[in-house]
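Worksheet: the structure to be examined is printed underneath.
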Amino acid sequence: MRIQHNISSLNVYRNLCGNNSSIAKNLEKLSSGYKINRAGDDAAGLAVSEKMRAQITGLNQAVQNADDGISLVQTVEGAMTEVHAMLNRMMELSVQSASGTYSDEERAMMDAEVQQIKTEISRIGKTTTFNSIQLFPGEELNGSREGIATYGITLDLQNRTCEVDYINMQNGASGVGGSRAASGHEALAEKIATEFFPNAISQIFDAFPALKNEVGSEKIGMELHVRNIDGRNGMLAYAQFSFYKDGRPFGMQIRVDAADFSDTSIEAGSPDAEKLESTIAHELMHSVMQYTMTDGMSGRNGAEKFPEWFKEGTAQLAGGGFPTNWNAELEQIASQISSANDTSQDAAVGNYLKKYSVAGRPYGHGYLASAYIGYLANGGGAVTGPGIAAGMDKIFDDIINNKASLYDAISKHTGGKINNMAELERLFSQPDAGLMAFTRELAFASKGGAGSVITAGLNVGGNAIIGDSVKTDQAFHVVDKAIIPPGEMISTTGIQLMVGSDSKKDNLINVELFEMNPDALGITGTNVLGQEDARSAIQEINDGIDKVSFLRGYYGALQNRLEHTVSNLGNVVENLTASESRIRDTDMAMAMMEYVRNQILVQSSQAMLSQANQQPNSVLQLLSA
């Protein structure tokens, strides 16, 4: 028997503290309604629950976004309902005026109402908004009215043809009735599709046989889109493609910014001509490399992805390194030398090379690096476009046929002068005599031109980079060309509705917005002043009614789609909430059962602690005996 330590009492006290802690947690769960109130309650469950909560919150907002989209669509459709009513009134007046039972004075009064209706249609188009968003955008958008044209282009090397088809898609890029070319861009789209594409591809394959041989007899299917990208003086164009884990890429497309280029860009003497042709050649070089060196261009399956300086620099070899001002300083230096061997400006050349990194300026220094590598790979000598292209072609061939890595191929063909990115950057930050001489000679040879290696000379520029016309004896020519249908409604812009809780593109629903004015409806000159005018007006108004009907059908279908989206999102939210509730919420019946059990254990522990504390009293009885 011991009196210094009452072990039984300590044991009962420990159990009492545990029971008190348990009952405190029971009270917390019962009072909060949550089974998990802190991470310690269920760390794994908390992580899963919080992820579900974020998804539920996002989906609830997505439901609101879709509902807002429905409201926007209903606003648009409501405005067009009134336009339909006005067109029907114009039809009534036109039919009335076409009858010979009315005088010219009476027709003049009918025409006055027609003109007022046209004015009201214009006003509706200009003033209909939703949350300050103009629902019928006018001609000014990012500084330019957008032209939309989509061409399907198939390159067949075996039969030496380039087939160009205007795409008439029911679910095309414009969202309604396929893509159409807008005023101011028809000639541009036509020239790019039927002349620039085949000529540039032919020149690229002539300059780089390794790329041509890799394509062989395959047909290359591409699309050309001429439409807005980001407004004037931003991104001029881009090439995109999709790919599986192996095999050839698909969905190849080039998009040209209609805000930067228009029909005037291809007119004689246009200041945009050189920039346009350089841009097309640049992007087509991207497309050819995407098709022939997909692993390096995409980095799929863990392949070494080509660095940005190489992708853009080699594309600049085709487009030229000087038209878009990336090497404007070098052009100024070249203007001060009298020959390719004039070394008076070599210090300035060296300072320019040091001024930027290759990786930081892929369109400028990336072009110079690619050109120098091609020059070295061809054994040096005179600086010419064909020489640079021949050297780069060796590197392409090594990558394609020998599966060499980029820097292994560069090292092999430059005699070990450039083995990795660090050495390339060091070469430009500390340029040797060879690099400075090459840069000087390249700049001098490109004076007045683009510096493109796919042209007849580095000094070729202006509208001669790609060429003015397609000849039947070229490697590619147009065998089929569809005519752009006139008078179609133009989608000038669109908004995107986010209807999901993650950043996937599939969660974006595009809502196209269209012009709504007499010009878009084809009734600008419509009048009923005479019988002939009235008869013409009947057809014009019928066409306008058809256009509005088509758009109302589009918006009606879109509204139905959004309603289905809301219904589906509601179902997902309901089931996710049920799942999250099972993880996070308290089962009140079970919690109450545990609370009663712990309450009994606390009372029992208190009683037993009292009994345990009485045990030392037996020592007093022993002592008194």
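Since this is a predicted model, take the numbers as computed values, not measurements.
Residues satisfying the side chain to side chain contact (heavy atoms under 4.5 Å, CB included) criterion with Asp408, sequence neighbours excluded, are Ser405.
Looking only at side-chain heavy atoms (C-beta outward), Pro249 and Ser242 stay at 4.5 Å or farther from each other. A heavy-atom distance below 4.5 Å is not found between the side chains of Lys447 and Asn459. No side-chain heavy atom of Asp260 sits less than 4.5 Å from a side-chain heavy atom of Thr279. No side-chain heavy atom of Arg440 sits less than 4.5 Å from a side-chain heavy atom of Val383. Residues Met222 and Ser287 have side chains in contact (heavy-atom distance under 4.5 Å, counting atoms from C-beta outward). The side-chain heavy atoms of Glu274 and Asn463, taken from C-beta on, include no pair separated by under 4.5 Å. Within the 4.5 Å cutoff, the side chain of Leu353 has heavy atoms near those of the Pro431 side chain. Contact of the Glu283 side chain with the Arg255 side chain is not registered, since no non-hydrogen atoms from C-beta on lie closer than 4.5 Å.
The distance from the CD atom of Gln290 to the CD atom of Gln253 is 11.0 Å, given to the nearest 0.5 Å. If you take CD on Glu195 and CD on Glu277, they are separated by 9.5 Å, rounding to the nearest 0.5 Å. The distance from atom CD of Glu214 to atom CG of Asp397, rounded to the nearest 0.5 Å, is 9.5 Å. The NZ atom of Lys417 sits 4.0 Å away from atom CG of Asp432, with the distance rounded to the nearest 0.5 Å. Atom CD of Glu423 and atom CD1 of Ile410 lie 11.0 Å apart (nearest 0.5 Å). With rounding to the nearest 0.5 Å, the separation of CD in Gln430 from CG in Leu435 is 12.0 Å.
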Determine all donor-acceptor pairs shorter than 3.5 Å in which one atom belongs to a side chain in residues 370-377; sequence neighbours excluded.
from: Ser370; atom 1: OG; to: Gly366; atom 2: O; distance (Å): 2.9
from: Tyr375; atom 1: OH; to: Gly381; atom 2: N; distance (Å): 3.4
from: Tyr375; atom 1: OH; to: Gly381; atom 2: O; distance (Å): 2.8

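Taking all atoms of both residues into account, the shortest heavy-atom contact from Trp326 to Arg361 is O-NH2, 2.8 Å. In this structure, Ile418 and Thr414 approach most closely via the heavy-atom pair N-OG1, 3.5 Å. Closest non-hydrogen pair, Ile400 versus Met293, comes out as CG1-CG, 3.6 Å. The minimum heavy-atom distance linking Phe205 with Val288 is given by the pair CE2-CG1, 4.1 Å. Contact record, Met285 with Ala318: CB-CB, 3.8 Å, taken as the closest heavy-atom pair. Nearest heavy atom pair, residue Ile395 against residue Ala409, reads CG2-CB, 4.0 Å.
Defined by atom type and a distance below 3.5 Å, a donor-acceptor pair is present between the side-chain atoms of Glu218 and Tyr291. For the residue pair Ser344 / Asp342, a side-chain donor-acceptor distance below 3.5 Å is found, with atom types taken as modelled. Side-chain N/O atoms of Asn301 and Asp295 include no donor and acceptor closer than 3.5 Å. Inspection of the Asn327 and Glu329 side chains reveals no N or O donor paired with an N or O acceptor under 3.5 Å.
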Is there a ring-ring contact (aromatic ring centres under 6.0 Å, His included) between His282 and Tyr238 once you walk through the steps?
CA-CA 9 Å; His282 178 104; Tyr238 64 83; over 10 Å; no

Hey, mind stepping through Leu276 and Ile192 against side chain to side chain contact (heavy atoms under 4.5 Å, CB included) and telling me if it holds?
CA-CA 9 Å; Leu276 172 62; Ile192 292 174; 4.3 Å; yes

Report the C-alpha distance between Lys354 and Ser429 in whole Å, list the side-chain angles of each, state the deciding distance to 0.1 Å, and finish with yes or no for side chain to side chain contact (heavy atoms under 4.5 Å, CB included).
CA-CA 4 Å; Lys354 297 175 187 176; Ser429 63; 5.6 Å; no

Please step through side-chain hydrogen bond (donor to acceptor under 3.5 Å, both in side chains) for the pair Ser411 and Asn419, ending with a clear verdict.
CA-CA 5 Å; Ser411 176; Asn419 300 297; 2.4 Å; yes

Do Leu188 and Asp263 pass the side chain to side chain contact (heavy atoms under 4.5 Å, CB included) test, and can you show the C-alpha distance, the side-chain angles, and the key distance before you say yes or no?
CA-CA 5 Å; Leu188 170 69; Asp263 287 353; 3.5 Å; yes

Audit row: Thr384, Leu458, side chain to side chain contact (heavy atoms under 4.5 Å, CB included) steps and yes/no:
CA-CA 7 Å; Thr384 65; Leu458 293 168; 5.5 Å; no

Between Phe241 and His286, is the ring-ring contact (aromatic ring centres under 6.0 Å, His included) condition met? List the steps.
CA-CA 10 Å; Phe241 68 117; His286 273 317; 9.7 Å; no

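Note: Phe396 and Phe310 have perpendicular aromatic rings, judged against thresholds of 30 and 60 degrees for the angle between ring planes. Ring-plane geometry between Tyr407 and Trp309 is classed as tilted, the angle between the planes lying from 30 to 60 degrees on a 0 to 90 degree scale.
Under the side chain to side chain contact (heavy atoms under 4.5 Å, CB included) rule, Phe438 has a single partner from Val349, Leu368, Ile388, which is Ile388.
At least one donor-acceptor pair under 3.5 Å links the side chain of Ser335 to the backbone N or O of Gln332. Between the side chain of Asn378 and the main chain of Ala390, no donor-acceptor pair closer than 3.5 Å is present. Judged purely by atom type and a 3.5 angstrom limit, Asn351 uses its side chain to pair as donor or acceptor with the backbone of Ala347. Distance alone, capped at 3.5 Å, places no donor-acceptor pair between the Glu441 side chain and the Ala340 backbone. Thr455 places a side-chain N or O within donor-acceptor distance of the main-chain N or O of Ser452, the cut-off being under 3.5 Å. Looking only at distances, a side-chain donor or acceptor of Ser298 sits under 3.5 Å from a matching main-chain atom of Thr294. At distances below 3.5 Å, not a single donor-acceptor pair connects side-chain atoms of Thr343 with backbone N or O atoms of Asp346. Put simply, the side chain of Gln345 never gets that close to the backbone of Ile337: no donor and acceptor are under 3.5 Å apart. A donor-acceptor distance shorter than 3.5 angstrom exists from the side chain of Glu425 to the backbone of Val358, with no hydrogens or angles considered.
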